[in-house]
Amino acid sequence: MRMRAGFTLIELMIVVSIIAIIAAIAIPSLLRARISANEASAISSLRTLSSAQISFQAGCYQDADSDGVGDYGTLAQLQNPDGAAGVPGYIAGVPGYIDETLASGVKQGYNFTMNVVAGGGGNPPTFSCNADPQSAQSGRRTFFIDESGVLRFESNGAAATAASPPVGA
């Protein structure tokens, strides 16, 4: 009597079907976890941007109407507040408030759009920033923050605004 080494076709099919069932259960959970991580990163980044704007304004790096009240900065200005980085022979400058990844406007599946309005004519300076997912696989909610510091969101696919509900409410 000869003994054969190896697996039968039925055994291989059973193993493949078990792997397929495990993958069908695990992959959606993995995608949900990735979306949650991307959304948490967007929330954290917007809070960082809000803090950076407060510091930038207090430093008075921009003052369009020369009234002594600083204006808010763009993403590039928040990365390089005094505009001196990259100037030949310039060694020490003001460190940036945000890193180059966030200054690029794209971070962990979200696009960040900063809108800055300089103060003047009796109007105070303002800023707002939106964080929108790059695709449905990178996030489900859109986020918004402005000079009030209140973080807001929309979960219906529309862009979040100052009228959107606050996060955590």
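Hydrogens, waters and symmetry mates are skipped; everything else that's a heavy atom, side chains included, is used.
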Check: Thr142 side chain, Ala160 main-chain N or O, donor-acceptor pair, under 3.5 Å: yes

Side-chain donor/acceptor of Asp63 to backbone N/O of Asp67, under 3.5 Å: yes

Within one Ile-Leu-Val-Met-Phe-Trp-Tyr cluster: Leu49 and Val167, side-chain cutoff 4.5 Å: yes

Spacing of CG belonging to Asn80 relative to CD belonging to Glu100, to within rounding of 0.5 Å: 11.5 Å

Glu154 (side chain) donor-acceptor with Ala159 (main chain) under 3.5 angstrom: no

Non-hydrogen side-chain atoms of Gln53 and Met114 separated by less than 4.5 Å: yes

Asn38 (side chain) donor-acceptor with Gly139 (main chain) under 3.5 angstrom: no

Test item: Gln134 and Val106 side chains (from C-beta on) under 4.5 Å apart, heavy atoms: yes

Check: Ser44 main-chain N/O paired with Thr48 side-chain donor or acceptor under 3.5 Å: yes

Reported CG-to-CG distance for the pair Asn115 and Asn130, which is rounded to 0.5 angstrom: 7.0 Å

Atom pair CG (Leu102) and CZ (Phe112), whose distance is rounded to the nearest 0.5 Å: 6.0 Å

Reported CG-to-CG distance for the pair Asp146 and Leu151, which is rounded to 0.5 angstrom: 10.0 Å

Between CG on residue Leu31 and OG on residue Ser36, distance to nearest 0.5 Å: 11.0 Å

Verify same cluster id: Phe153, Phe144 (apolar side-chain graph, 4.5 Å): no

Smallest separation among heavy atoms of Ala131 and Leu46, with atom names: CB-CD1, 3.9 Å

Shortest non-hydrogen contact from Leu75 toward Ala103: CB-O, 3.6 Å

Shortest non-hydrogen contact between Ala118 and Ala64, atoms and distance: CB-CB, 3.8 Å

Pairwise salt bridge (Lys or Arg N to Asp or Glu O under 4.0 Å) hits with a residue in residues 28-52, at least two apart: Glu39-Arg141

Ring geometry between Tyr97 and Phe56 (parallel below 30°, tilted from 30 to 60°, perpendicular above 60°): perpendicular

Heavy-atom pair with the smallest gap, counting every atom of Pro125 and Tyr72: O-CE1, 3.4 Å

side-chain contact (heavy atoms from CB on, under 4.5 Å) evaluation trace for Ile54 with Glu147: CA-CA 8 Å; Ile54 291 167; Glu147 67 279 352; over 6 Å; no

Arg152 versus Thr161, closest heavy-atom pair with distance: CD-O, 3.4 Å

Close side-chain approach of Asp71 and Phe127, heavy atoms under 4.5 Å: no

Tyr110/Ser45 under side-chain contact (heavy atoms from CB on, under 4.5 Å): CA gap, chis, key distance, verdict: CA-CA 10 Å; Tyr110 270 80; Ser45 295; over 6 Å; no

Minimum heavy-atom distance between Ser41 and Lys107, given as atom pair plus value: OG-CE, 4.1 Å

Reference residue Ile14; test side chain to side chain contact (heavy atoms under 4.5 Å, CB included); the match among Val16, Leu12, Ile10: Ile10

